There are 2 protein chains.
Amino acid sequence: MIKYSNQTRVLVAVDCIILGFDGSDYKLLLIQRGFAPEKEKWSLMGGFLQPDETLDNAANRILQRLTGLEDVYLEQMHTFSKPDRDPIERVIGVVYFALIDIKKYQQQINDDFHARWFAMKDLPGLIFDHEEMVQMALTKLRYKAALHPILFELLPEKFTLPQLQAMYEGLYETKIDKRNFTRKVLSSNILRKEDEKDKTGSKKGAYFYTIDEEQYKENFQTILKFIPKNEIPAASES
Amino acid sequence: MIKYSNQTRVLVAVDCIILGFDGSDYKLLLIQRGFAPEKEKWSLMGGFLQPDETLDNAANRILQRLTGLEDVYLEQMHTFSKPDRDPIERVIGVVYFALIDIKKYQQQINDDFHARWFAMKDLPGLIFDHEEMVQMALTKLRYKAALHPILFELLPEKFTLPQLQAMYEGLYETKIDKRNFTRKVLSSNILRKEDEKDKTGSKKGAYFYTIDEEQYKENFQTILKFIPKNEIPAASES
DNA sequence: TCAAAAGTGTTTTCTATACACCCATGA
DNA sequence: TCATGGGTGTATAGAAAACACTTTTGA
């Protein structure tokens with residue numbers, strides 16, 4: 001087989017930023033790296049691109065291997081390429097970011113990888129350029145969540161409005177007026193109110209809501225405004 | 001030197017989507033590919049990632065080689081990875097997209113590459129998956145330009161409001177009310193009115209404006225609303 | 001009975017949109 | 001002088017924001 005001549009071939013790693021929300025904190029799923037270099041240090045879950053798969057395939061494969069989850073929100077974010085980012089040899093890193101419901105994950109945790117959730121505000125040092133990757137993901141999430149109903153991916157099937165609001169407030173580190181927030185969220189028609197109440201958070205109990213999948217898909221691309229515009233952060237690219 | 005074992009290394013191509021606006025049409029700069037496969041067919045300008053450069057370096061190098069331009073708006077867009085996208089061997093394609101002022105380019109065209117501007121609405125068939133790349137870039141530009149003053153990158157130093165409006169109308173294939181558009185654009189404080197007029201488009205002449213670089217940088221991340229919200233298109237990612 | 005969280009409306013301000021006429025000039 | 005494109009203001013409707021009290025109930 002003919003090949004392009006005189007060109008250097010490199011390894012392609014796919015790294016997954018897996019984010020969850022536990023009701024009060026954003027969390028990142030990390031693994032303890034099992035091989036050199038930087039063995040035992042914390043790292044994003046990743047792997048090398050295989051000959052017959054696309055990057056999307058690889059990211060899904062990696063995510064599935066670690067969490068057992070499929071049909072997760074997963075999006076290609078950016079490709080990192082500093083020549084010395086991996087000390088062993090040149091590897092370019094394609095980063096995906098995933099949003100998952102922590103509860104779903106906990107049922108099928110795969111502990112072969114020594115995985116652990118870390119609060120975003122309290123991350124350990126990470127190998128290579130993984131900290132930069134996480135920082136970019138957070139910036140991007142803040143940007144995107146201000147415009148699209150993406151954060152719903154982090155919630156269990158049933159959730160309450162106070163939970164939803166806490167999630168937005170956590171991401172933007174701000175307080176949002178309850179009445180205005182409720183009105184905006186409900187006016188999107190994405191939510192369906194259930195009869196049942198969640199009594200774990202208060203004595204009175206808060207009504208559960210579920211996603212109207214139909215409306216969710218239809219409105220996903222629409223520009224929504226769940227958070228006050230002064231809180232809308234910088235764009236994902238500089 | 002130790003390497004990771006049992007892994008496949010692949011070529012990394014960097015392809016540049018170079019967009020311009022000529023006053024009435026969006027144009028894409030293409031080259032006639034000089035080597036097999038698909039020799040003589042039209043293609044995005046690209047090249048292989050070299051051992052000591054980052055992807056950003058590579059994209060700038062390629063852009064510079066073709067257009068002679070530096071300090072151009074250039075952004076990494078997406079990495080394409082279908083295993084058979086290049087028939088010769090496996091190559092993953094990192095796509096950058098660039099916005100340039102066509103006038104500036106024409107002064108220093110490098111014709112070693114048989115480059116030519118094609119109107120976006122009248123593109124030739126492209127090699128490999130380059131058409132998909134262009135389509136994604138257009139979607140992304142429509143999305144981003146609705147929120148950030150990115151289109152200014154396409155304009156010469158001095159331009160008129162009718163030219164600016166035509167650029168927005170062209171991208172969204174719509175008509176915008178002149179009075180509302182003017183008010184919104186000027187309220188951003190990004191523009192500075194010059195005394196001079198452009199007489200090429202009409203007898204009365206239209207005032208030239210220039211960018212207030214200070215304000216431009218400050219407001220770039222701000223969410224602007226130059227175009228009516230019904231025209232805001234789907235997001236860049238699905 | 002009271003502490004703690006949930007739920008709910010109204011007023012005001014601001015922003016978006018719709019809409020039409022006069023101006024300047026070169027041919 | 002007139003045809004062509006450039007420039008400008010106002011009124012209306014809709015959305016965002018500010019703001020406080022009542023309800024429920026388990027401890």
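Keep in mind the model is a prediction, meaning the values are calculated, not measured. Throughout, protein chains are lettered first and strands after them, A, B, ... in sequence-line order, and every chain is numbered starting at 1.
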Rounded to whole Å, please give me the gap between CD1 in A/Ile176 and C1' in D/dA16.
13 Å

With the side chain defined as heavy atoms from C-beta on, B/Asn180 is closest, among C/dT17, D/dC19, C/dA20, to C/dT17

Assert: residue with more 5' nearest nucleotide on DNA chain C, out of A/Lys178 and A/Lys203, is A/Lys203

When you match A/Gly205 and A/Asp177 each to their closest nucleotide on DNA chain D, which lands nearer the 5' end?
A/Asp177

Here the distance between atom C1' of C/dA6 and atom CG of A/Leu186, to the nearest Å, is 13 Å

I want to confirm an ordering. Mapping A/Thr160 and B/Lys197 to their closest nucleotides on DNA chain C, which one lands closer to the 5' end?
A/Thr160

Report which part of the nucleic acid A/Lys199 touches: base, sugar-phosphate, or nothing (heavy-atom distance under 4.0 Å, all strands).
sugar-phosphate

Hey, are A/Glu194 and A/Lys158 close enough for a salt bridge, meaning a charged N less than 4.0 Å from a carboxylate O?
no

Here the distance between atom C1' of D/dA17 and atom CZ of A/Arg179, to the nearest Å, is 10 Å

Is the shortest distance from a Lys or Arg side-chain nitrogen in A/Arg179 or A/Asp177 to a carboxylate oxygen in the other one below 4.0 Å?
yes

Protein-nucleotide distance (B/Gln163, atom CD; D/dG7, atom P), rounded to Å
11 Å

Check: A/His78 ring centre within less than 6.0 Å of B/Tyr96 ring centre:
no

For the pair made of CZ in B/Phe181 and C1' in C/dA16, what is the distance, rounded to whole Å?
15 Å

Check the distance between C/dT17's P and B/Lys175's NZ and give it to me in whole angstrom.
18 Å

Would B/Asp129 and B/Lys82 pass as an ion pair if we require N to O under 4.0 Å?
no

Once you round it to whole Å, what is the distance between C1' of C/dT17 and NZ of B/Lys184?
8 Å

With distance as the sole criterion, do the side chain of B/Arg183 and the base of D/dT10 form a donor-acceptor contact below 3.5 Å?
yes

How long is the line joining OH of B/Tyr207 and C1' of D/dT8, in whole Å?
12 Å

Does A/Lys204 get its side chain close enough to the base of C/dA6, under 3.5 Å, for a donor-acceptor pair?
yes

Just say parallel, tilted or perpendicular for the rings of B/Phe97 and B/Tyr73, cut-offs at 30° and 60°.
perpendicular

